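Some notes on the structure that comes next.
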Amino acid sequence: MSDLNRYQNKKFLIVDDFAEFRTSLSNMLISLGAKEIDTAVNAEKAIELYQKHKHDVILCDYNLGDTSQDGQQLLEELNYREILRKDSIFIMVTAENSIEMVMGAIEFKPDSYLTKPFTKQSLKTRLDKVYEKKQYLLPVLSELNKQDYISAVKVCNQMLKSKHRYASNCLQIKGDCLLRLGLYQQAASVYHSINKQRPLLWSLIGFAKAQMGSGHFEQANRYFEKIISLNQHAVNALDLQAECLLALGEDEKAFEVLEQAVKISSKSISRLRLYADLAVAMTQYSIALMYYKKVIQLSKNSVSGNEEDIFKLLNTYINYIKTLNGSQLSKSKNELQSYIKNYQQTHKSDLQFITALEITKCIYLHYLGNEQDVTNYLTSICKNLTSLTDTRVFLKEQLSYFINHFPQIVQSAPIIADYCKNHSLIKSARYDPLLANKLYQQGLIAFANNKLIEAADNFRKASILSPQNITIALLLMTVLTRICEKQKQSQEVMQIIENCVRTIKNLDPADQRFTLFRKNLKTIRTLLAGK
Amino acid sequence: METKPDIDFSSVLASSVHDMKNSLCLLIQSIDRLSEQAQEQETSSELAKLHYEASRLNTNLLQLLSLYRAEKSSLPVNIEEHHILDIVEEIMTKNQLYLENNQINVDLDIDESLSWYIDIDLISNLLNDIFINAMRYTDSRIKISAKVLENQLMICIEDNGPGYSQHMLEQTSMTMQDLNLTNGRTGLGLFFAKLIAKAHQNEDQSGKIELKNGGELGGSQFILTLP
């Protein structure tokens, strides 16, 4: 197509909080032949407009003012909601490309960064380049739009047969698809071939992720160490390293690594939450409180809700109070009581929330030595539990916390104890992550040979020994989903899957594993609906 | 409780640079619009100068920021694979107005498929700075060539001007500490170029710059080598 009319039929979206820039950028686009141009002042407005018009080109300023998400967060949001077409062009307009900004965008990179100031001609040159690339890659991108990763890999292989200037982009897409499909061995070999030639940040991270997926957490950890020594701002690599260390049972080191990550960026909710969880494990309660509060603040408007974090906060308060004395003690007690009072007020018609809150009260009153009130609340919890037809995740988590940390209280309430037992909420006393990793690797071999039952058995044992390991939980869920598809699903299997979901659910949506997780969820929902 | 005003100079600097660049951005765009409408040669040429100085100001701001960061720690680099021709073409687009007004011819000798492992922002700024210098001192011609030699990328920018002064030629052989930073902009530009080149490392090698006189066009010759 002649480059002169290239942009005539394209839809443009300009996102900038600064009116003068919107006008000036609009004028530039008009002079390049553009006819349809929408403008948005903030991320929220941009999402609304994009959802409606699916623009071909988005020109987005990184800085969108204090009241809006920034450009990178907008790009992520569009991806999380699965509305961003892969063939849409997303150009980030920036005042300067700080390393923090670029490194914060490893998972969802804009197609290009355009640094201010730029002229109409520079804009056109840049647009042309990205446009040509996207045109070339269109056959792959349309498979990605359909989320058909198997076909996308096939198209990549086809394209890689001949030499061309976008070969490296093809390889990057191919590796990403293989990770999303859970084909870790194949992904590793793609990334390895690139690293042999020249180790790049994305191919190193990709390789380490493939190692994680294969259960080689030690190797993956070494790779992440290397990546971070090459680039200390690669915050995403720190997150994954922490996960590897946890999978190796090195919680203390994981805590240190996350401490570093949180210092670099405290935008990711899953990072803050994990940091707070680990702080609890390290008995650093004041840190945990601070970060749970941040998580609750940040997730206020999220669809998934933040009830679980609220209870983590309240439970941590009690632990914190136990370490205090004097004026600090009474101050913190007052804080906790006012939190409880507030939440009771705001959630008074939500029986599940109230029940979970009663558990917190039980634990607190038990600490205060007020056993009569503990008994009263236990009775109430039992009554509520029997009247509930289903329990939401936060209440299950709360029950799990209750029985695993305060078995002596739950003992006197058999209804609660039975409930926890029936829903596999009681953690195994045996914790052996290294053995779990071995079992996981054996499971993978069985899975590759299509021995589903054997694979499930290994994964199940592994997940009992290392219940927080997301990689293990994901593959267990995947193989059980596969089994459910083939034969009738049993109550027991559904229970295990549900527990897997509890482990995986806080996974950052930017993680490739999220694709497999979401696919499993969809399959299960379809199965349940057809029952 | 005692509280000291907590000023992080880096973020103050970053945010003022951000503001200044916003102004520069609007300024340059206005100049562009005016030059499109300009009828007289004299006006066009004045506007081209204005554009040129505004771009230089921008380059300086970027250098300032990078140097400050470099002083705090090592210059952070983000190495990715990029097509060299894309970068060079953008630099030419950026300076089109000046090139046209001063009737400077630019020859390119870069294979379309040539790509290398670089920090695109740092290298673009570096090459742009050198290119601006070449535009200023050339008589009428500039040549940019790039190729891979012994697994290293070599980019050469040369012109048919009077060449580098003896003082400048001596500067490249000095260590960074020896560089006389009080000696005006050229010193800073070179210092910056060396820093960027050095920050590009692969295995045991790091990048370097070289200044020469002569070459194909007989003027100055700037050579950047990256492993």
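Throughout, protein chains are lettered first and strands after them, A, B, ... in sequence-line order, and every chain is numbered starting at 1. Worth knowing before you read on, the calculation uses all heavy atoms, side chains too, and leaves out hydrogens, waters and symmetry mates. Just so you know, these numbers come straight off a predicted model, no measurement behind them.
- Note that OG of S113(B) and NE2 of H164(A) are 12.0 Å apart. Values are rounded to the nearest 0.5 Å.
- Residues Y113(A) and D121(B) form no side-chain contact, since every pair of their non-hydrogen atoms from C-beta on lies 4.5 Å or further apart.
- For chain B, no part of S31(A) is nearby; none of its heavy atoms comes within less than 4.5 Å.
- Options I79(B), D119(B), N58(B) differ in how many heavy-atom pairs under 4.5 Å they form with chain A, and the most are formed by N58(B).
- With respect to the salt-bridge test (charged N to carboxylate O, under 4.0 angstrom), the residues K109(A) and E80(B) qualify.
- With a 6.0 Å radius and a threshold of 12 heavy atoms from other residues, nucleotides or ligands, Q197(A) has its CD atom at or below the threshold.
- Considering NZ of K94(B) and OG of S122(A), their distance stands at 6.5 Å, rounded to 0.5 Å.
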| said: If you apply the rule side chain to side chain donor-acceptor pair (under 3.5 Å), what do you find for T93(B) with T125(A), and how did you get there? | reply: CA-CA 8 Å; T93(B) 315; T125(A) 314; 3.3 Å; yes
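- Across all their heavy atoms, C25(B) and P117(A) have their closest contact at CA-CB, 3.2 Å.
- Contacts with chain A were tallied for R33(B), E89(B), H83(B), M92(B); H83(B) has the most, counting heavy-atom pairs under 4.5 Å.
- Side-chain contact between T119(A) and H51(B) is present, with at least one heavy-atom pair separated by less than 4.5 Å.
- Residues R198(A) and N202(B) have side chains in contact (heavy-atom distance under 4.5 Å, counting atoms from C-beta outward).
- With a threshold of 4.5 angstrom between heavy atoms, Q201(B) approaches chain A through N, CA, C or O but not through any side-chain atom.
- Under 4.0 Å is where a charged nitrogen must lie from a carboxylate oxygen, and between K129(A) and E90(B) no such pair does.
- No donor-acceptor pair closer than 3.5 Å links the side chain of N231(A) to the backbone N or O of N78(B).
- Counting heavy-atom pairs closer than 4.5 Å to chain A, the top-ranked of the candidates D32(B), I31(B), L27(B) is D32(B).
- For Q37(B), the CD atom is densely surrounded, since the number of other residues' heavy atoms within 6.0 Å is greater than 12.
- Side-chain atoms of D86(B) and K133(A), non-hydrogen and from C-beta on, never get closer than 4.5 Å to each other.
- A 4.5 Å side-chain heavy-atom check between Q29(B) and F118(A) finds at least one atom pair inside the cut-off.
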